[in-house]
Chemist: 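This is the structure I want to talk about, given as structure tokens.
Atoms considered below: every heavy atom in the structure, side chains included; atoms not considered: hydrogens, waters and symmetry mates. Sequence lines set the chain letters: A, B, ... in the order given, protein chains first and strands last, and positions in each chain run from 1.
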Amino acid sequence: MRGRGFLKNVKNSAGLGIFNYEIPSYANRSPYILGGITLSSLVILFVTGFILAQFYNPAVLDANRSILYIKENVYLGWFVRGIHYWSVQIMTLTLSLHIIRVFFTSSYKSPREFTWLSGVFLLSLIGGFVFTGTVLKWDQEGYEALQHHLWVVEQLGVIGVFLSEKFSDVHILGRLYTIHISILSILSILLLLLHLFLVKIHGISPSPWGGEVKMVDFTSHIRQLIKYGLFTLLIISILAITVEPPLGGMPVEGIEVTKPPWMFLWIYSLENIWVYFLIVAPSIVFLILILLPFIDRNTSIKFHERKTAVIIFVLFIFAIISLIVNGIITSAGHHME
Amino acid sequence: MRFKIFLIILIFGITFIWVGNVYSHKGEKHERPVIKEVEAEKTPDNIQEETITPPTVTHEAHEHLPEMKTGSFNLIQVGKKPGYNIALIFTITIVVIWGLVSFYWKDSDK
């Protein structure tokens, strides 16, 4: 009993009582855990990224070799790198599914507009992580990703100058490494805290299926998060010990022979049609996502009362998947001038 | 509750003893671990890199066509990587913990 009293005191002093509140029981179902799974993957990425950073060298001549060293010579380096790589793949998948769930349950609608906005900005930061991570490999894929990036910032003129080669004498690879490990990390932690804070403030969004809602303690949700988080880690570990992520040799300048990672393939497909889609397509999608809660002013959360929005969204998802598939099956092309 | 703690300690205990047996020092002094596979073969032994001859580029006159390696997914050869057994034990441990957690918290989604 004395032990329990002590634990209670610690709980009160640490402010853990903040977790003692009720949430609807449907929040413990898997579609509502997708955000938590994404968070688990992000934590795994931070931990493995911290380990990889001890061995990675962002100097142009050493970057590619240092990754080869990690995967061949560092004890368990291949495993840590594998976990880092597969966490990104899982996180992109669960994040996409989380966004789809949020749309279908109308969780972006008033009063949760800012929760949605913080999520959209987090999505763009994750995109930044994937892009910079690809470049850091400094193989042909990474090199070509950087060439695309430099082309984009050149087209953007003054807006893109901070991310251009001209901005600093330090090589862009080293600067992207700094962005990858510090700037994006700090921004994503801040935005994540804001996102979670807003979820706590506004609570779980009402279910579009209606019916009587049973309330449960939030600690049951934490238990679900741990369960799903462990399962995610398990899947990632199995993938890491069976399939090694690709790593090419040192890049060759002036050619384009690779495709981007699968999450960017929809842009790649559009770029094949018109090279400026590289700038236009992500900008339009980002803008639509930002404006979504303000464009869709229909207050109803039931499917049959928001058919137009649902149909447009389904077509959008179908288009993105089709473009990704198209990107997979088409052969690599030359885009940059 | 006591049973759960006992079970977790038992699983970790057995794993610890087993790892200790497999990787025992047998009275040797601690030295920097030498990974024989890596020491013997500096170049990666299981990379099936795709060699590509890049297409000619109109805007740039290449005097020769360089060969380059783009990399591809490789199935990891069991036991070839340094610390493979530890990675396997880590994964099995996650399976056990996940199994226990799922069993004891099976009603939390209700």
Chemist: What distance do A:I236 atom CD1 and B:T91 atom OG1 have between them, rounded to the nearest 0.5 Å?
Modeler: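 It comes to 11.0 Å.
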Chemist: Determine whether more than 12 heavy atoms belonging to other residues, nucleotides or ligands lie under 6.0 Å from atom CZ of A:F50.
Modeler: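 It does not: A:F50 CZ has 12 such atoms or fewer within range.
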Chemist: Do you know which of A:D217, A:L230, A:I226 has the most heavy-atom pairs with chain B at a distance under 4.5 angstrom?
Modeler: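 It is A:L230.
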Chemist: Could you grab the distance from atom CD1 of B:I94 to atom CG of A:L234, nearest 0.5 Å is fine?
Modeler: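 B:I94 atom CD1 to A:L234 atom CG measures 7.5 Å (nearest 0.5 Å).
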Chemist: Tell me, please, which residues at least two apart from A:L239 pass side-chain contact (heavy atoms from CB on, under 4.5 Å).
Modeler: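 Checked A:L239 against side-chain contact (heavy atoms from CB on, under 4.5 Å); matches are A:W86, A:I90, A:I235.
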Chemist: Kindly compute the distance separating CZ (A:R223) from OG (B:S102), expressed to the nearest 0.5 Å.
Modeler: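 Those atoms lie 12.5 Å apart.
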Chemist: A side-chain contact here means heavy atoms from C-beta on lying under 4.5 Å apart; do B:Y84 and A:L76 qualify?
Modeler: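 No, side chains not in contact.
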Chemist: Is a donor on one side and an acceptor on the other found under 3.5 Å between the side chain of A:K227 and the backbone of B:V101?
Modeler: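 Checked: no pair found.
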Chemist: Using non-hydrogen atoms and a 4.5 Å limit, figure out which bit of A:Y143 sits close to chain B: side chain, backbone, both or neither.
Modeler: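 Neither part.
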Chemist: Classify the ring geometry of B:F90 against A:F79: parallel below 30°, tilted from 30° to 60°, perpendicular beyond 60°.
Modeler: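 Answer is perpendicular, since the angle exceeds 60°.
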Chemist: Give the minimum heavy-atom separation between A:W78 and B:A87, together with the two atoms involved.
Modeler: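 Of all heavy-atom pairs spanning A:W78 and B:A87, the closest is CH2-CB, 3.8 Å.
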Chemist: At what distance, to the nearest 0.5 angstrom, does OG of A:S237 lie from CG of B:L88?
Modeler: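 It comes to 10.5 Å.
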Chemist: With A:D62, which residues qualify under salt bridge (Lys or Arg N to Asp or Glu O under 4.0 Å), at least two apart?
Modeler: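 Per chain and number, A:D62 pairs via salt bridge (Lys or Arg N to Asp or Glu O under 4.0 Å) with A:R65.
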Chemist: Is A:A240 in contact with chain B via its backbone, its side chain, both, or neither, using a 4.5 Å heavy-atom distance?
Modeler: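 It is the backbone, since no side chain atom gets that close.
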